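We number each residue from 1, following the sequence as shown. Bear in mind the structure is a predicted one, so any value in this text is a computation, not a measurement.
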Amino acid sequence: MDVTYGLIYLAVGVLVGLFAGLLGIGGGSVMVPILSMVFVTRGFSSDHVVHLALATSMATIIPGGIASAWTHHQHRSVNWDVVKKMLPGIIVGTFAGAVMAHFSSTAFLKGFFVVFICLLALQMLFNLKPRGGHALPGSTGLFVFGAVMGVISSFAGIGGAVMSIAFLGWCNVRMHDAIGTAAAIGVPLALAGTVGFIVTGLLDKNLPAQSLGYVYVPAFIGISITSFLIAPLGAKLAH
């Protein structure tokens with residue numbers, strides 16, 4: 001049975017890596033529901049399933065995001081000035097979001113994720129895009145956006161690329177640069193969120209074995225292996 005779950009984690013990692021490289025996103029919208037279902041079949045407590053899925057999703061964004069960001073950097077598609085100015089807000093917002101998620105009920109987290117995905121689906125279905133032509137805000141504006149994006153990302157277990165790409169497009173950033181910058185932004189965001197979920201999860205003594213805080217280590221390892229290998233391929237396809 002463990003072999004079956006291991007293969008599932010590897011397969012999810014392929015999807016995550018492809019999304020991370022091709023679109024600059026971490027694949028949390030795919031991982032959270034899949035991991036939730038897998039954790040239910042493993043018999044994990046219903047009080048912990050969503051928290052574990054969110055945290056593990058956030059953690060697995062890191063390796064694929066690093067590989068993706070590096071490939072986009074080689075194609076000169078990362079605006080590091082934007083990343084630097086957004087970084088403080090990302091760290092504060094994402095860590096705070098992870099702490100708030102710890103104190104949130106499973107029902108609330110499920111509802112938040114469903115609403116977020118429905119809004120994302122409507123945006124894709126009707127091709128709703130903000131009009132460009134705006135200039136990038138200064139350091140304060142980027143800090144605020146990074147903080148808000150970080151909180152939302154923690155509650156949805158995502159790398160924030162959907163929001164950052166839309167925001168950068170609104171600021172008239174070229175699409176390839178928006179994708180590359182979003183990939184780079186996703187790495188510190190995922191790091192801050194993962195640390196938050198680990199720290200808060202350590203306060204819970206009833207988590208499954210092989211968990212580090214709310215991060216379920218076997219799933220993290222399996223997904224990370226294939227996502228790290230596949231992400232550069234996705235980034236090359238994007239270019």
Side-chain angles (χ1 to χ4, degrees), residues 12-31 57-95 129-130 132 134-139 141-150 152-154 156-195 220-221 223-239:
V12 173
V14 172
L15 293 176
V16 171
L18 188 61
F19 285 139
L22 185 60
L23 303 175
I25 66 177
S29 57
V30 175
M31 278 189 288
S57 171
M58 187 71 77
T60 54
I61 290 170
I62 299 170
I66 291 173
S68 174
W70 174 248
T71 304
H72 284 294
H73 170 72
Q74 291 177 313
H75 285 88
R76 301 181 184 275
S77 296
V78 178
N79 188 327
W80 289 108
D81 185 56
V82 171
V83 177
K84 180 179 68 175
K85 291 179 179 178
M86 206 179 288
L87 184 61
I90 287 172
I91 293 174
V92 172
T94 313
F95 186 87
K129 296 179 181 178
H134 299 79
L136 280 165
S139 298
L142 290 174
F143 174 91
V144 172
F145 176 77
V148 173
M149 181 176 66
I152 295 173
S153 296
S154 290
I158 62 173
V162 172
M163 291 174 283
S164 56
I165 290 174
F167 172 74
L168 293 172
W170 182 71
C171 294
N172 214 31
V173 175
R174 190 175 69 101
M175 181 53 64
H176 282 82
D177 294 346
I179 292 174
T181 304
I185 289 171
V187 175
L189 188 152
L191 278 168
T194 299
V195 171
F220 166 74
I221 293 174
I223 295 172
S224 297
I225 290 172
T226 46
S227 66
F228 183 81
L229 296 174
I230 297 296
L233 173 60
K236 290 178 181 178
L237 290 173
H239 288 277

For this session: Begin with the C-alpha distance, continue with both residues' side-chain angles, and end with the deciding distance and a verdict on side chain to side chain contact (heavy atoms under 4.5 Å, CB included) for Ile223 and Val12.
Result: CA-CA 6 Å; Ile223 295 172; Val12 173; 4.0 Å; yes
Problem set entry | Least distance between heavy atoms, Ser224 atom then Ser227 atom | O-OG, 3.2 Å
Exercise. Do side-chain atoms of Ser164 reach the backbone of Ala182 as a donor and acceptor pair under 3.5 angstrom?
Worked result: no
Problem set entry | Non-hydrogen atoms of Gly157 and Ile61 that approach each other most closely | O-CD1, 4.1 Å
For this session: Might you point out which heavy atoms bring Val195 and Phe95 nearest each other, and give the distance in Å?
Result: CG1-CE1, 4.0 Å
Seminar exercise, completed: All heavy atoms of Cys171 vs all of Leu136, minimum pair found to be CB-CD2, 3.6 Å
Problem set entry | Separation of Ser139 OG from Asp81 CG (nearest 0.5 Å) | 7.5 Å
For this session: Output the distance between atom CZ (Arg76) and atom CG (Asp177), rounded to the nearest 0.5 Å.
Result: 12.0 Å
For this session: Any chance you could lay out the side chain to side chain contact (heavy atoms under 4.5 Å, CB included) test for Leu168 and Arg174, step after step, and finish with the verdict?
Result: CA-CA 8 Å; Leu168 293 172; Arg174 190 175 69 101; over 6 Å; no
For this session: Report yes if the side chains of Ser153 and Met163 come closer than 4.5 Å at any heavy-atom pair, otherwise no.
Result: yes
For this session: Could you tell me how the ring of His134 sits relative to the ring of Trp170: parallel (under 30°), tilted (30 to 60°) or perpendicular (over 60°)?
Result: parallel
Seminar exercise, completed: For Ser154 and Thr94, the nearest pair of non-hydrogen atoms, with its separation, is OG-O, 2.7 Å
Seminar exercise, completed: Tightest non-hydrogen contact, residues Ala184 and Val78, listed as CB-CG1, 3.7 Å
Problem set entry | Rounded distance (nearest 0.5 Å) linking atom OG1 of Thr194 with atom CG of Leu189 | 9.0 Å
For this session: Please step through side chain to side chain contact (heavy atoms under 4.5 Å, CB included) for the pair Ile185 and Met149, ending with a clear verdict.
Result: CA-CA 11 Å; Ile185 289 171; Met149 181 176 66; 3.7 Å; yes
Exercise. Atom CG in Leu191, atom CE in Met58: separation rounded to 0.5 Å?
Worked result: 10.5 Å
Problem set entry | Phe145, CZ: over 12 other non-hydrogen atoms inside 6.0 angstrom | yes
Problem set entry | Euclidean distance, His75 NE2 relative to Ile179 CD1, rounded to 0.5 Å | 12.5 Å
